[in-house]
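Down below is the structure, laid out as structure tokens.
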Amino acid sequence: MDGMNLRILYVLTDLVAPLAVGYYLHQRHIVSDTTINKLIKLNVVCVYTLLSLLSFWVLPLSWDLLLVPLFGFLLVLLPGAIGYSLFARRIPNLLDRGAYIASAMLANLGTLGGVCAFILYNEPGFAYSQLIGTCQNILLCLVVFPMAQYFYLRHTGSVRKTSRLHTFREMFLSVNQLSLVGMAAGMLFNAGSIPRPAILGPVFQSLVHIGAWIAMLPVGFLIDFQQVRRYEQKVRSLSLIRFVITPLIFVLLTRLIVEDPVLRGTLVILAFCPTAINAVLAARIYHLSVDLSVSSFVITTAGFLFFFFPLLFFLLK
């Protein structure tokens, strides 16, 4: 079995296994919410900053790289617009409607998409996924959070008293954005033709596995199958957006515009990515229907891991 075929096992070892362990820990009450929150912080601040630095250090610099932010923004705005115009407008409950749109807009690009791009395209695929994931984080702050607040305000008629300046500072000037520093440093080393030490290659490989476990285990901790069944019907149209409409559009766009085969393949993988846990975060912060977001996350993640990514693996390798 060659290296790429062996890496398909990472779907089980790095993605499915931590989800199962997280779910087990929650059911058995072995760890607390506080411990899980610390794990999430460790991943965002430390592991992904190092991964960003190391992957951008060896990312091939080309004109195609300028297209990445454009596709990153499209991967959020396009499914959101489709979800709103075709399905969300018919949902009478405003809290459900806001959660639905957030679930349509936000995909698991950085963690799940990053590991899957790494499986097929090694470090360049991972670096592209992180850059695109950063574009999504920008829109999370600029578009998704205000949208969630809008639907909450329409539902309750209340006025939130949070300072806009304070909110901006929290979103953009926090340690959660430290991976941006890693990306910038990696690109500077790259542009300056500073070779990355060979010993850091195995370090990067190890950090990918560690980061996947630390990211996916808390997700398994949040799964509630009772609520998943309750919202199953509403999530069907989200599955259509995630696995049919958005990928079809992006396959056509990348064939027409993108020349780099690694970037093209990475974009196709990311176009199929399931709902992100950040959709649950947005729903929690603004008191939308958290269970709808969790249901979308669970159902689309299961579909991606057990069907769509294995199919993409054999089609794109």
Side-chain angles (χ1 to χ4, degrees), residues 7-23 36 39-40 43-44 47-48 51-52 55 71-72 75-76 79 102-137 139-140 179 205 207-223 228 235 238-239 241-243 246-247 250 265-282 293-313 315-316:
R7 288 203 298 269
I8 189 65
L9 295 177
Y10 294 161
V11 172
L12 293 175
T13 60
D14 289 9
L15 300 174
V16 177
L19 279 174
V21 171
Y23 182 74
I36 292 296
L39 268 181
I40 295 170
N43 203 37
V44 170
V47 178
Y48 269 83
L51 283 171
S52 297
S55 59
F71 281 110
L75 273 169
V76 178
S103 298
M105 295 179 79
L106 299 173
N108 198 337
L109 306 178
T111 302
L112 191 56
V115 172
C116 292
F118 170 74
I119 290 171
L120 272 165
Y121 302 116
N122 220 320
E123 296 182 36
F126 185 88
Y128 284 135
S129 71
Q130 297 311 297
L131 184 54
I132 292 168
T134 300
C135 297
Q136 177 173 260
N137 290 339
L139 291 182
L140 172 69
S179 62
Q205 305 271 339
L207 282 173
V208 169
H209 305 309
I210 293 168
W213 264 84
I214 297 177
M216 299 305 286
L217 190 145
V219 171
F221 192 84
L222 291 171
I223 293 173
V228 169
V235 171
L238 279 167
S239 298
I241 294 169
R242 284 268 158 251
F243 299 137
T246 303
F250 269 82
T266 300
L267 285 167
V268 170
I269 292 170
L270 298 183
F272 276 93
C273 275
T275 298
I277 200 64
N278 277 342
V280 181
L281 171 67
S293 297
V294 171
S295 299
S296 175
F297 170 81
V298 172
I299 291 170
T300 58
T301 299
F304 180 82
L305 287 177
F306 295 109
F307 181 75
F308 288 101
F309 181 65
L311 182 63
L312 287 171
F313 177 83
L315 289 175
L316 295 175

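- Atom CG of Leu19 sits about 13.5 Å away from atom CZ of Phe221, to the nearest 0.5 Å.
- Minimum heavy-atom separation, Leu270 to Gly113: CD2-CA, 3.6 Å.
- Annotation: side chain of Cys116 is in contact with side chain of Leu15 (closest heavy-atom distance under 4.5 Å).
- Here the closest non-hydrogen pair linking Ala117 and Ile269 is CA-CD1, 4.1 Å.
- In this structure, Phe272 and Phe304 have side chains that are in contact, with non-hydrogen atoms separated by less than 4.5 Å.
- The line from CZ of Phe306 to CG of Leu311 is 15.5 Å long, rounded to the nearest 0.5 Å.
- Between Gly114 and Ser129, the shortest heavy-atom contact is CA-OG, 3.1 Å.
- Rounding to the nearest 0.5 angstrom, the gap separating the CG atom in Leu131 from the CG atom in Leu109 is 11.5 Å.
- Shortest non-hydrogen contact noted between Ser239 and Ile299 is OG-CG2, 4.1 Å.
- Two residues are said to be in side-chain contact when any heavy atoms from C-beta on lie closer than 4.5 Å; Val268 and Phe250 fail this criterion.
- Here the CG atom belonging to Leu75 is positioned 8.0 Å from the OG1 atom belonging to Thr246, to the nearest 0.5 angstrom.
- Using the six-membered ring where Trp is involved, Phe118 and His209 have ring planes that are perpendicular, over 60° apart on the 30 and 60° scheme.
- Test Asn108, Val235, Leu238 against Phe297 for side-chain contact (heavy atoms from CB on, under 4.5 Å) and you get one pass: Asn108.
- Rounding to the nearest 0.5 Å places CG of Asp14 at 7.0 Å from CD1 of Ile119.
- At least one side-chain heavy atom of Leu305 sits less than 4.5 Å from a side-chain heavy atom of Leu112.
- Residues Arg242 and Thr275 are in side-chain contact: their nearest non-hydrogen atoms beyond the backbone lie under 4.5 Å apart.
- Here the closest non-hydrogen pair linking Ala107 and Cys273 is CB-O, 3.8 Å.
- Scanning all heavy atoms of the two residues, the minimum distance from Phe243 to Thr300 falls at CZ-O, 3.1 Å.
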